[in-house]
Participant: 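Provided herewith is a single structure, encoded as structure tokens, for subsequent inquiry.
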Amino acid sequence: MFAMPWIELVHDTPPREGMVVCVRASHLGFYSLNACKVVYCLNETVASKTIYGFAYGTLNEHAESGEERFCVEWDEKDDSVHYDLFAFSKPGSLLTKLAYPLARSYQRRFAAGSKLAMLEACSQR
């Protein structure tokens, strides 16, 4: 979900509740580091569906203030796979407030890139 040339998840181990992770993003010729903490993990089966995922909340060092959840759902009945990315945020700094339209465009770019990265990962199976 982070396989994009302009973004990198610095912590590359399976998520666990309480883990602090850092996302490095390249934009406008510089890098920013955005700290997050995993607030919960999902690994459950309900009826014929297996759901795996996690959510992290931003820490003070993040450009935004909010939460993102990443889930993959596999339905055993029809062998379909769904990827769900849910996020909510508000500017976390004065700079982000001043550049709000640009920040929103990066959020949309990340969502689209994350979906494509997951689609590519699934198609390699």
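Residue numbers run from 1 in the order of the sequence given. Small disclaimer: the values here were computed from a predicted structure and weren't measured.
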Participant: Can you find a heavy atom in the side chain of Leu102 that is under 4.5 Å from one in the side chain of Tyr106?
Facilitator: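 Sidechains of Tyr106 and Leu102: in contact.
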Participant: Do Ser89 and Gln107 meet the criterion of a side-chain donor-acceptor pair at a distance under 3.5 Å?
Facilitator: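 Yes, because at least one side-chain N or O of Ser89 sits under 3.5 Å from a partner of the opposite role on Gln107.
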Participant: Check for me, please, whether Leu59 and Phe88 land in the same ILVMFWY cluster - side-chain distances under 4.5 Å, paths through other members count.
Facilitator: no
Participant: Heavy-atom count around Phe30 CZ within 6.0 Å, excluding the residue itself: above 12?
Facilitator: yes
Participant: Around atom CG of Asn60, are there more than 12 heavy atoms from other residues, nucleotides or ligands closer than 6.0 Å?
Facilitator: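 Open: at most 12 neighbouring heavy atoms sit under 6.0 Å from CG of Asn60.
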Participant: Has Arg24 got its NZ or CZ under 6.0 Å from the middle of the six-membered ring of Trp6, at an angle within 45 degrees of the ring axis?
Facilitator: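 No, a cation-pi geometry is absent between Arg24 and Trp6.
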Participant: OG/Ser114 to CZ/Arg109 distance, rounded to the nearest 0.5 angstrom?
Facilitator: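 It is 13.0 Å, given to the nearest 0.5 Å.
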Participant: Using the side-chain contact (heavy atoms from CB on, under 4.5 Å) rule, take Glu67 and Val39 through it: C-alpha gap first, then chi angles, then the decisive distance, then the call.
Facilitator: CA-CA 9 Å; Glu67 188 174 300; Val39 291; 4.1 Å; yes
Participant: How far apart are the closest heavy atoms of Ala117 and Ala3, and which atoms are they?
Facilitator: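 Between these two residues, the closest heavy atoms are CB-O, 3.8 Å.
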Participant: Does a donor on one side chain sit under 3.5 Å from an acceptor on the other, for Glu68 and Tyr56?
Facilitator: yes
Participant: Are any of the side-chain heavy atoms of Ile51 and Val72 separated by less than 4.5 Å?
Facilitator: no
Participant: Do Leu98 and Tyr100 belong to the same hydrophobic cluster, where Ile, Leu, Val, Met, Phe, Trp and Tyr are linked whenever their side-chain heavy atoms lie under 4.5 Å apart, directly or via other members?
Facilitator: no
Participant: Please check: side-chain N/O of Thr58 versus main-chain N/O of Gly66, any donor-acceptor pairing under 3.5 Å?
Facilitator: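 Here the side-chain-to-backbone pair exists.
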Participant: Please check if Ile7 and Leu28 belong to a single hydrophobic cluster, counting links between Ile, Leu, Val, Met, Phe, Trp and Tyr side chain heavy atoms closer than 4.5 Å.
Facilitator: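 Same cluster.
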Participant: Do you know the tightest heavy-atom contact between Met4 and Met1?
Facilitator: CE-O, 3.3 Å
Participant: Can you name the nearest heavy-atom pair linking Thr96 to Ala103, along with the distance?
Facilitator: CG2-CB, 3.9 Å
Participant: Could you go step by step and tell me if Leu85 and Met118 meet the side-chain contact (heavy atoms from CB on, under 4.5 Å) rule?
Facilitator: CA-CA 11 Å; Leu85 169 57; Met118 290 299 285; over 6 Å; no
Participant: Are any non-hydrogen side-chain atoms of Phe54 and Leu42 less than 4.5 angstrom apart?
Facilitator: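 No, every pair of side-chain atoms sits at 4.5 Å or beyond.
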Participant: A side-chain contact here means heavy atoms from C-beta on lying under 4.5 Å apart; do Lys77 and Lys49 qualify?
Facilitator: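 Lys77 vs Lys49: side chains apart.
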Participant: Is the closest side-chain heavy-atom distance between Cys71 and Arg69 below 4.5 Å?
Facilitator: yes
Participant: For a 4.5 angstrom cut-off between non-hydrogen side-chain atoms, does Glu73 reach Tyr52?
Facilitator: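 SC-SC contact between Glu73 and Tyr52 ruled out.
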Participant: Would you check if Val23 and Leu33 make a side-chain contact, meaning some heavy-atom pair closer than 4.5 Å?
Facilitator: no
Participant: Exactly one of Phe2, Tyr40, Phe86 should register a ring pair (Phe, Tyr, Trp, His ring centres under 6.0 Å) with Phe70. Which one does?
Facilitator: Phe2
Participant: Establish, from distance only, whether the side-chain atoms of Ser80 and Asp75 form a donor-acceptor pair under 3.5 Å.
Facilitator: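 Short answer, no.
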Participant: What is the minimum heavy-atom distance between His27 and Ser32, and which atoms define it?
Facilitator: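 For His27 versus Ser32, the nearest heavy atoms are NE2-OG, 2.8 Å.
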Participant: Using a 4.5 Å cut-off on heavy atoms from C-beta on, say whether the side chain of Asn34 contacts that of Glu64.
Facilitator: no
